[in-house]
Amino acid sequence: MRLASRALCGVAGAAWRESFPLGGRDVARWFPGHMAKGLKKMQGSLRLVDCVIEVHDARIPLSGRNPLFQEALGLKPHVLVLNKMDLADLKEQQKIIQHLEEEGLKNVVFTNCVRDENIQQVIPMVRGLVESSHRYHRQENLECCALVIGIPNVGKSSLINALRRQHLRKGKATRVGGEPGITRAVMSRIQVCERPLMFLLDTPGVLAPRIQSVEMGLKLALCGTVLDHLVGEETLADYLLYTLNRHQLFGYVQHYGLDGACDDITRVLKHVAVRLGKTHKVKVLTGTGDVNVIQPNYPAAARDFLQTFRHGLLGPVMLDRDVLRSSSRADP
């Protein structure tokens with residue numbers, strides 16, 4: 001089904017859409033509540049760990065985190081790792097940190113696990129928290145174990161592998177992938193450091209059973225926390241186009257060879273499909289018989305648009321810019 005066509009195209013200074021139509025979308029269908037089992041298993045592993053490392057996507061630092069983590073995982077020392085910093089526009093990094101500190105999150109580190117940026121900060125931060133916690137002053141056991149948690153596809157396994165590269169000079173211990181659901185169960189302990197002796201437990205991604213709003217659901221979907229087809233590739237591509245234009249990020253114009261920035265997702269996807277050869281034959285019944293017509297493959301073009309964004313080829317973006325602005329307005 002084609003999305004409604006919009007005429008706003010070709011003018012970089014155009015008045016882009018002020019809002020995205022959110023009505024009639026069933027967020028619960030995108031995020032089925034089958035992840036309670038994973039959360040229960042994490043709770044069962046708590047007695048084995050000294051610290052919790054929560055990994056989240058740096059493009060949505062202020063939204064989409066599972067509130068049940070803090071509730072279910074108790075008062076363990078807590079580090080928040082905002083991963084994929086290379087894909088995030090961090091011009092307002094200090095505002096993000098200040099906002100998180102106001103929520104009680106004082107141990108935050110931004111990382112890029114692909115290039116090991118800031119990875120060296122994680123182990124000292126965890127060690128410092130564990131050593132300063134009254135419960136862990138014990139001479140008989142000098143090793144440390146941390147539980148790695150987070151929503152799907154934020155880089156939990158990538159963080160573990162990066163720490164092993166940094167501190168042990170060893171390769172992958174856990175599978176990684178560009179879609180949610182690679183890690184299916186709480187794993188056995190994985191050593192990531194010799195001095196200090198430290199182990200991590202990898203866990204499957206667990207989303208909140210209830211997403212606060214449709215727009216938050218779309219942000220999470222853009223970051224790949226659920227499979228695209230559950231939301232609809234073209235719907236998600238349209239939200240991406242809306243977001244890029246609102247933020248004046250027009251890298252897609254050059255990347256796909258468009259004549260100019262455009263607010264019409266159908267026209268953009270048609271151009272992408274033709275440019276990349278993503279077309280298919282459709283039989284059309286006419287008065288003289290069936291005729292094969294070449295048509296753009298819109299879902300395939302939408303998938304390419306989304307993956308190009310996720311690989312950072314359209315430039316860094318801050319999907320929580322609206323949250324930052326509303327937070328700034330609320331300050332006295």
Side-chain angles (χ1 to χ4, degrees), residues 28 30-57 60-61 63-84 100 103-109 111 113 122-123 125-127 129-130 133 135-136 141 143-164 172-177 179-193 197-212 216 220 223-227:
W30 306 347
F31 303 95
H34 67 279
M35 299 184 179
K37 186 177 179 182
L39 189 62
K40 195 169 182 179
K41 285 186 176 180
M42 289 180 210
Q43 287 177 281
S45 302
L46 269 183
R47 61 184 178 81
L48 305 173
V49 304
D50 304 309
C51 181
V52 173
I53 301 174
E54 182 183 355
V55 185
H56 197 60
D57 196 307
I60 46 171
S63 62
R65 293 171 52 234
N66 191 336
L68 294 182
F69 285 149
Q70 198 63 27
E71 186 180 312
L73 300 178
L75 300 175
K76 294 284 184 180
H78 182 186
V79 172
L80 177 62
V81 174
L82 292 172
N83 190 35
K84 305 187 181 182
L100 292 170
E103 293 182 356
L105 291 160
K106 300 187 183 301
N107 304 292
V108 180
V109 57
T111 64
C113 290
V122 177
I123 296 292
M125 189 176 287
V126 170
R127 184 183 184 184
L129 283 173
V130 171
S133 176
R135 185 175 181 272
Y136 307 107
N141 188 0
E143 72 178 39
C144 173
C145 185
L147 187 68
V148 182
I149 64 172
I151 64 174
N153 202 29
V154 290
K156 297 179 294 295
S157 299
S158 296
L159 174 66
I160 292 175
N161 292 332
L163 288 169
R164 282 172 61 83
K172 293 181 180 180
T174 63
R175 286 181 62 206
V176 298
E179 60 183 45
I182 296 297
T183 303
R184 300 270 178 185
V186 177
M187 299 179 64
S188 58
R189 298 196 317 167
I190 301 167
Q191 185 178 354
V192 294
C193 190
L197 184 57
M198 188 172 294
F199 297 86
L200 299 185
L201 286 176
D202 196 10
T203 64
V206 177
L207 287 158
R210 181 178 176 82
I211 303 302
Q212 291 181 8
M216 182 183 289
L220 287 165
C223 293
T225 60
V226 291
L227 297 174

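Here the structure is a predicted model, which means the values were calculated and not measured.
Of all non-hydrogen atoms in Val49 and Ala146, the two that sit nearest each other are CG1-C, 4.1 Å. Pairing each heavy atom of Lys156 with each of Val55, the nearest pair is CG-CB, 3.9 Å. For the pair Leu207 and Pro152, the tightest heavy-atom approach, listed with the atom from each and the gap, is CG-CD, 3.5 Å. The nearest pair of heavy atoms linking Cys113 to Ala162 is O-CB, 3.9 Å. Scanning both residues, Met216 and Ser63, for their nearest heavy atoms gives CE-CB, 3.8 Å. For Ser45 against Leu147, the heavy-atom pair with the smallest separation is CB-CD1, 4.3 Å.
With rounding to the nearest 0.5 angstrom, the CZ atom of Arg127 is 8.0 Å from the CE atom of Met198. From Cys223, atom SG reaches atom CG of Asp57 across 4.0 Å, with rounding to the nearest 0.5 Å. The line from OG of Ser133 to CG of Asp50 is 8.5 Å long, rounded to the nearest 0.5 Å. Atom OG1 of residue Thr111 and atom CG of residue Asn83 lie 3.5 Å apart, to the nearest 0.5 angstrom. Residue Leu129 holds its CG atom at 13.0 Å from NZ of Lys76, rounded to the nearest 0.5 Å. To the nearest 0.5 Å, atom CE of residue Met42 and atom CG of residue Leu201 are 10.5 Å apart.
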Chi angles and distances behind the side-chain contact (heavy atoms from CB on, under 4.5 Å) call for His78, Leu105: CA-CA 8 Å; His78 182 186; Leu105 291 160; 3.8 Å; yes

Mind running side-chain contact (heavy atoms from CB on, under 4.5 Å) on Leu80 and Glu103 for me, showing each step along the way? CA-CA 12 Å; Leu80 177 62; Glu103 293 182 356; over 6 Å; no

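Under the 4.5 Å side-chain criterion, counting only non-hydrogen atoms from C-beta, Arg65 is not in contact with Ile151. Using a 4.5 Å cut-off on side-chain heavy atoms (C-beta onward), Leu200 and Leu159 make no contact. Considering only heavy atoms from C-beta on, Met125 stays 4.5 Å or farther from Val81 through its side chain. Here the side chains of Val192 and Val122 are not in contact, with every heavy-atom distance at 4.5 Å or above. Considering only heavy atoms from C-beta on, Ile149 stays 4.5 Å or farther from Val206 through its side chain.
Environment of CD in Gln212: sparse, with no more than 12 heavy atoms of neighbouring residues, nucleotides or ligands closer than 6.0 Å.
Residues passing the salt bridge (Lys or Arg N to Asp or Glu O under 4.0 Å) test with Arg164, sequence neighbours excluded: none.
When atom types are taken as modelled, the side chain of Thr225 and the backbone of Leu220 share a donor-acceptor pair closer than 3.5 angstrom.
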